[in-house]
Amino acid sequence: MSVLVGGVLLGAGVLLFVLEPVFSGKSAPMYDGDDVFDEGAARRRVALTALRDLEYDRATGKLDEDDYGQLRTELSREALEHLGEEGEGGGRGPDRASRELEEEIAALRRAIREGMQCGVCEHLNRLGARFCSRCGEGLGGGE
C-alpha cells in the first residue's frame with residue numbers, strides 16, 4: 001500500500017515539475033519570427049551566423065587576433081556578396097549591407113558586455129531578453 005502511495009506521489013511530483021514553466025509564466029521563444037524562406041535569405045543567414053559564431057569564438061578566447069581578422073574579412077566578403085545579390089531586387093546595396101553587418105556585430109558585442117549570456121547554459125541571448133532562449137532561465141540583465 002505504501003509503495004502505491006509513493007508511486008502516486010512521485011508521479012504527481014514529476015507532472016508538477018514538467019508543467020511548472022506553464023504555471024509560472026516563464027516563456028522563451030522558439031524562434032524570433034523573422035525567418036524568410038527564399039534562397040537568398042538562407043544564404044545571408046548562414047553567412048551572418050558564421051560571423052556571429054566568429055565573434056563568440058573571439059570573445060571566449062578561442063581565436064587570436066590574426067585568425068580573427070583573416071576569418072572576419074573572408075566571412076564579411078561572403079556575407080556582402082549574398083546581401084548584394086539580395087540588394088539587386090530589393091533595393092539594398094553593398095553600403096547598406098555593410099552597415100547592417102556592422103550593426104549586428106556591434107549588437108553581439110554589446111550583448112556580451114551587458115551580460116546577456118545565460119549563467120546556467122552559457123547561451124548568448126539577444127539584447128533585452130528576460131529569459132534564456134535555450135533553457136528558459138531568467139536573465140539578470142533583461143529589461
Side-chain angles (χ1 to χ4, degrees), residues 3 5-143:
V3 173
V5 171
V8 169
L9 288 176
L10 180 64
V14 168
L15 184 64
L16 287 174
F17 179 76
V18 169
L19 294 177
E20 187 269 334
V22 173
F23 295 127
S24 69
K26 289 183 180 179
S27 66
M30 296 302 285
Y31 69 97
D32 57 7
D34 64 354
D35 290 338
V36 180
F37 297 103
D38 64 347
E39 187 175 339
R43 288 181 180 175
R44 177 182 175 268
R45 182 169 299 274
V46 167
L48 293 176
T49 300
L51 279 168
R52 182 195 64 198
D53 292 343
L54 182 67
E55 289 293 325
Y56 290 158
D57 289 345
R58 179 177 177 234
T60 57
K62 293 181 181 178
L63 286 175
D64 63 6
E65 290 299 318
D66 294 335
D67 290 339
Y68 169 77
Q70 180 183 3
L71 289 171
R72 183 170 183 262
T73 301
E74 291 173 16
L75 291 172
S76 296
R77 185 177 304 119
E78 183 178 334
L80 289 174
E81 286 174 11
H82 296 304
L83 288 172
E85 290 170 4
E86 182 179 316
E88 293 168 2
R92 293 172 60 166
D95 291 337
R96 180 173 176 181
S98 178
R99 229 183 0 256
E100 289 177 358
L101 186 60
E102 291 300 326
E103 288 171 3
E104 184 169 340
I105 291 170
L108 288 169
R109 287 181 177 158
R110 233 181 0 263
I112 291 170
R113 278 194 311 271
E114 293 180 12
M116 296 308 296
Q117 188 171 10
C118 178
V120 175
C121 70
E122 297 183 356
H123 178 71
L124 188 62
N125 296 281
R126 288 182 171 222
L127 282 173
R130 292 178 36 202
F131 298 97
C132 177
S133 61
R134 179 179 289 162
C135 71
E137 185 69 25
L139 298 173
E143 296 174 355

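Heavy atoms only: backbone and side chains are in, while hydrogens, waters and symmetry mates are out.
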- Task: Using atom types as modelled and distance alone, determine if a side-chain donor or acceptor of Ser76 lies under 3.5 Å from a backbone N or O of Thr73.
- Result: no
- Identify, with sequence neighbours excluded, every residue that meets side chain to side chain donor-acceptor pair (under 3.5 Å) alongside Glu103. none
- Quick one: CZ on Arg72 to CG on Asp67, what's the gap to the nearest 0.5 Å? 15.0 Å
- Query: With sequence neighbours left out, what residues match Leu71 under side chain to side chain contact (heavy atoms under 4.5 Å, CB included)?
  - Reply: Leu54, Leu63, Glu74
- Message: Please enumerate all residues that pass side chain to side chain contact (heavy atoms under 4.5 Å, CB included) together with Glu65, with sequence neighbours excluded.
- Response: Arg58, Tyr68
- Message: For the CG atom of Leu48 and the CG atom of Asp53, what is their distance to the nearest 0.5 Å?
- Response: 11.0 Å
- Query: OG1/Thr49 to OH/Tyr56 distance, rounded to the nearest 0.5 angstrom?
  - Reply: 9.0 Å
- Can we say Lys62 and Glu55 salt-bridge, meaning some charged N sits less than 4.0 Å from an Asp/Glu carboxylate O? no
- For Glu137 and Val120, work out which heavy atoms get closest and say how close. CG-CG2, 3.6 Å
- Message: Would you compute the distance between atom CZ of Arg52 and atom CG of Leu75 and round it to the nearest 0.5 angstrom?
- Response: 12.5 Å
